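Fair warning: this is a prediction, and the values are worked out from it, not measured in the lab. So that the names make sense, note that chain A is the first sequence line, chain B the second, and so on, each numbered from 1.
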2 protein chains.
Amino acid sequence: MAKRTTSGRVNQRLRTRKELLSAAARLVREGRTPSMDDVAEAAMVSRATAYRYFPSVEALLVEAPLDGAVPDADAVLGGKEALGPAERVDLAEASLHEMCVRNGAQLRLMLAASLERTARGEHGGVPVRQNRRTRLIEAALAPHRRRIGRERYGRLCAALALVFGVESMVVFEDVLGINDARAREIKRWMIDVLVRSSMEGSRR
Amino acid sequence: MAKRTTSGRVNQRLRTRKELLSAAARLVREGRTPSMDDVAEAAMVSRATAYRYFPSVEALLVEAPLDGAVPDADAVLGGKEALGPAERVDLAEASLHEMCVRNGAQLRLMLAASLERTARGEHGGVPVRQNRRTRLIEAALAPHRRRIGRERYGRLCAALALVFGVESMVVFEDVLGINDARAREIKRWMIDVLVRSSMEGSRR
DNA sequence: ACCATAATGCGACTTTTGTCTCATGTCAAG
DNA sequence: CTTGACATGAGACAAAAGTCGCATTATGGT
């Protein structure tokens, strides 16, 4: 089995696992929707072994490494403390946007898998979504947080979560047929409007 | 076969088709993720026949009737011409919101299916998404459209498309863990801010 | 270098999904 | 009432998705 992390042939297990994950990511990047068989073959591992590590392709996809740097709050916003809140949030969004464009296919498959689970009412299960965005949003707003009331802050974060991430990309591309650049423009405007409205003195 | 609509036993064909669709909708509403087999059995039809009408369960789900009234622009906004743009848009959103809550499971499955297709780059295929929301948004803004510039109007519609629909529900529930009522509050605020900003005289 | 054991590969088997053919029953036009 | 077209059901078939047991190989400790 491939369970205990403490003893045994830890090295070998880690290698196969990594091999499977990177193979899955590679196949998706090539535009395929790989089956477990495909991934196993690409990782030069037998099908049975693949199933020993992951119960399904979806489980594999969720853990598969994303292409390029996944935006890290510090890396993106470090040294930018002087910028205004809207600029900082937009900066964060820009980096997540780029990441989403690069990993479009994989993120779509991950989202699809999570939707199929939640459609059955499996909310009480294990991790539903990774939620990278909230951390990023909060980091961007951190220097200016004290200038926003508690209630307004929560509202703004939730609103921005709608603008960040895969789901907005899906709406822009699949529903509206809008390209990446235009999508960025619109999101930039939304961020500006939402953040400004949250900062203004006594507006509604 | 079940192809030609002109001659033959049109009546019977329509009945089976309808039976399949309603059976599928019913099963989903019961919280299941039905297979073609399940739907066929529920519709009291052989599996082969089910496949004669729909190539897959997904195709069935897409056409399956949604529970309750799917918001119609006229029904929701008729006689409300006196309201301001933000109020009208919010009214439209409220009706779509309610519909999304009622049909959560089915809409999620539909979204998941479309994501799996677009992940493969099948953009050039047939209908990607139904896009009920754009019609609703444009109808809500129609009475005030002349007060908004062309560029601003397009931007506003796209931004609102992010707030309307299933995707936002998914973000609120699955990513943020927010309940329906709170989600409505936040969307209401977003709509207000976005519409107002688009109407203001010379703001940015 | 050797050995016990853990990871792997292989192949058999089951279930699910989707296709195809053919016999059967039924509708509708004459 | 008869007949021919046509939708359906039943079952055979193939491919894909998982599972399982057992033989084989490689690894790490001695």
Under 4.0 Å between a side-chain N or O of [X] and OP1 or OP2 of [N]?
{"X": "B:Thr49", "N": "D:dG9", "result": "yes"}
{"X": "B:Tyr53", "N": "D:dT8", "result": "yes"}
{"X": "B:Ser35", "N": "C:dT17", "result": "yes"}

Nucleotide [N], atom [atom2] - distance to [atom1] of [X] in whole Å:
{"X": "A:Arg17", "N": "C:dA6", "atom1": "CZ", "atom2": "C1'", "answer": "18 Å"}
{"X": "A:Asp37", "N": "C:dG11", "atom1": "CG", "atom2": "P", "answer": "14 Å"}
{"X": "B:Met36", "N": "D:dG9", "atom1": "CE", "atom2": "P", "answer": "14 Å"}
{"X": "B:Gln12", "N": "C:dA29", "atom1": "CD", "atom2": "P", "answer": "14 Å"}
{"X": "B:Tyr51", "N": "D:dG9", "atom1": "OH", "atom2": "P", "answer": "15 Å"}
{"X": "B:Arg15", "N": "D:dT8", "atom1": "CZ", "atom2": "P", "answer": "9 Å"}
{"X": "A:Arg52", "N": "D:dG21", "atom1": "CZ", "atom2": "P", "answer": "11 Å"}
{"X": "B:Leu60", "N": "C:dG18", "atom1": "CG", "atom2": "P", "answer": "11 Å"}

Exercise. Where each residue is assigned the nucleotide of DNA chain C containing its nearest heavy atom, which of B:Pro55 and A:Ser46 is assigned the position nearer the 5′ end?
Worked result: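 Its nearest nucleotide lies further toward 5', so the answer is A:Ser46.
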How far does [atom1] of [X] sit from [atom2] of [Y], to the nearest 0.5 angstrom?
{"X": "A:Leu141", "Y": "A:Met199", "atom1": "CG", "atom2": "CE", "answer": "8.5 Å"}
{"X": "B:Met169", "Y": "B:Leu96", "atom1": "CE", "atom2": "CG", "answer": "10.0 Å"}
{"X": "B:Arg47", "Y": "B:Met36", "atom1": "CZ", "atom2": "CE", "answer": "9.5 Å"}

For this session: Please evaluate the base of C:dG9 for a donor-acceptor partner in the side chain of A:Arg47 within a cut-off of under 3.5 Å?
Result: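 No, the side chain and the base share no sub-3.5 Å donor-acceptor pair.
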For this session: Would you mind classifying the nucleic acid contact of A:Thr16 as base, sugar-phosphate or nothing, using non-hydrogen atoms under 4.0 angstrom?
Result: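 The residue A:Thr16 makes sugar-phosphate contact but no base contact.
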Problem set entry | Enclosure of B:Glu41 CD (heavy-atom neighbours >12, cutoff 6.0 Å) | no
Exercise. Hey, does the Lys NZ or Arg CZ of B:Arg182 hover above the aromatic six-ring of B:Phe172, less than 6.0 Å from the centre and inside 45° of the axis?
Worked result: no
